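Counting starts at 1 for both ligands and their atoms, in listed order. Predicted model, so just to flag it, every value in this text is computed and none were measured.
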Amino acid sequence: MLVVMKHNASEEDISGVVGTIKEMGYDARPIPGGPRTAVGLVGNDGRADAGRLQGLSGVLEVIPVTQAYKQVSREWREEDTLVTLPNGTVIGGRDLVMMAGPCAVEGERQIIEVAHVVREMGATILRGGAFKPRTSPYSFQGLGLDGLRFLARAREESGMVVVTEALDPDGVDLVAEYADIIQIGARNMQNYPLLRRAGRSGKPVLLKRGMAATIEEWLLAAEYLLAEGNHDVILCERGVRSFAKHTRNLLDLAAIPVVRSLSHLPIIVDPSHGTGLRSKVIPMGRAAVAAGADGLMIEVHLDPPHAMSDGAQSLYPEQFGELMDQIRVIAKAIGRDVTAPLEAVSPV
Ligand code: PEP
Ligand code: MN
């Protein structure tokens with residue numbers, strides 16, 4: 001951390017900063033330089049609080065030199081993290097992973113049928129919310145425990161693994177009993193008690209980017225999971241809020257190469273919530289793969305006009321098939337492939 005002093009800072013101001021840095025338990029190195037002095041804080045273990053220095057007399061700005069996150073950083077671990085799931089799907093390797101399914105589990109037959117359909121087209125991970133974080137308290141909130149049970153049936157019958165959301169810390173253990181990956185939604189990215197609990201769940205966690213989160217805040221949220229000992233973390237870009245209204249969110253595809261350079265964690269993209277519009281999901285899914293995403297999460301519904309949530313952004317199955325065909329071509333062009341489809345466990 002570098003504390004840059006104002007050009008008119010006095011000797012007293014400089015020794016005030018040096019004294020505070022020492023009080024904080026670090027070494028202080030004043031660096032005189034032409035019109036202004038800077039003071040280096042040496043030995044930052046990630047705990048040094050810039051706020052303590054920012055307001056001191058004579059301080060112009062405090063510049064972080066090392067990142068606040070540690071274990072999620074590429075500096076901490078150079079090789080890509082691979083998350084291996086019970087059905088053999090590996091997230092973060094050469095092969096892209098496809099997560100697909102409805103926004104919400106709406107019934108047992110519904111989730112089993114859609115699982116068979118998307119599995120046949122090449123998805124190996126089934127998505128579907130049992131606990132739904134809805135903007136309005138009057139909207140469908142999900143089937144809860146029944147939804148989890150139906151997901152488990154769909155997994156048994158399709159051979160897919162299941163990703164589903166945990167909404168609160170107390171719900172983590174229940175979701176962990178049924179899910180192969182615990183999803184933490186955009187609205188909960190900075191719910192620190194939830195992150196800590198998910199970090200101790202023993203299950204991989206899919207961490208969606210908050211709708212107004214910087215990449216640093218997102219990586220620090222992931223750091224909570226790793227700090228609890230959970231290294232199986234998958235990041236999911238799903239768009240952020242913007243001034244513009246042409247899509248539901250602004251899908252930040254530049255986040256893919258940026259995260260890849262800062263972190264070893266796999267990153268997937270959700271163009272369904274990222275755009276909110278069915279007709280925009282395929283082009284942005286293609287773009288995400290071209291930009292280096294490790295996979296996609298796509299909402300697919302057998303009857304989107306009657307979906308209980310997010311019908312407008314849900315693909316019809318044949319559209320999902322089309323997207324799969326196209327990303328196979330794009331993956332090849334960038335030296336990757338798509339995870340091989342699973343064999344059916346039992347007939348449809
Ligand atoms: C979801 O994936 O069902 C969901 C609610 O997404 P997000 O948290 O990105 O809004
Ligand atoms: Mn949804």
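Between Arg238, Glu165, Gln183, Arg134, it is Arg238 that holds the heavy atom closest to atom 9 (O) of ligand 1.
Note on Arg52 versus Asp49: no salt bridge recorded, every NZ/NE/NH1/NH2 to OD/OE distance being 4.0 Å or above.
Among all non-hydrogen protein atoms, the one lying nearest atom 8 (O) of ligand 1 is Ala186 N, 2.8 Å. Scanning the protein for heavy atoms near atom 4 (C) of ligand 1, the closest one is His273 NE2, 3.5 Å. When hydrogens are left out, the protein atom nearest atom 6 (O) of ligand 1 is Lys208 NZ, 2.9 Å; that is the closest non-hydrogen contact.
At least one side-chain heavy atom of Asn188 sits under 4.5 Å from a side-chain heavy atom of Leu167.
Between the side chain of Arg196 and the backbone N or O of Arg200 there is no donor-acceptor pair closer than 3.5 Å.
If you check the side chains of His116 and Ser158, you find no donor sitting under 3.5 Å from an acceptor.
Of the options Val162, Val161, Thr89, Ile91, a side chain to side chain contact (heavy atoms under 4.5 Å, CB included) to Met99 is made by Ile91 and by none of the others. Results of the side chain to side chain donor-acceptor pair (under 3.5 Å) test with His301 over Glu106, Arg278, Gln313 single out Glu106 as the only residue that passes.
Note: angle at the Mn ion (ligand 2), from OD2 of Asp310 to SG of Cys103, is 100° (rounded to 10 degrees).
A heavy-atom separation below 4.0 Å is found between Lys132 and ligand 1.
Closest N/O/S atom of Glu299 to the Mn ion (ligand 2): OE2.
Shown in contact with Gly185 at under 4.0 Å from a heavy atom are these atoms of ligand 1, numbered in order with element: 8 (O).
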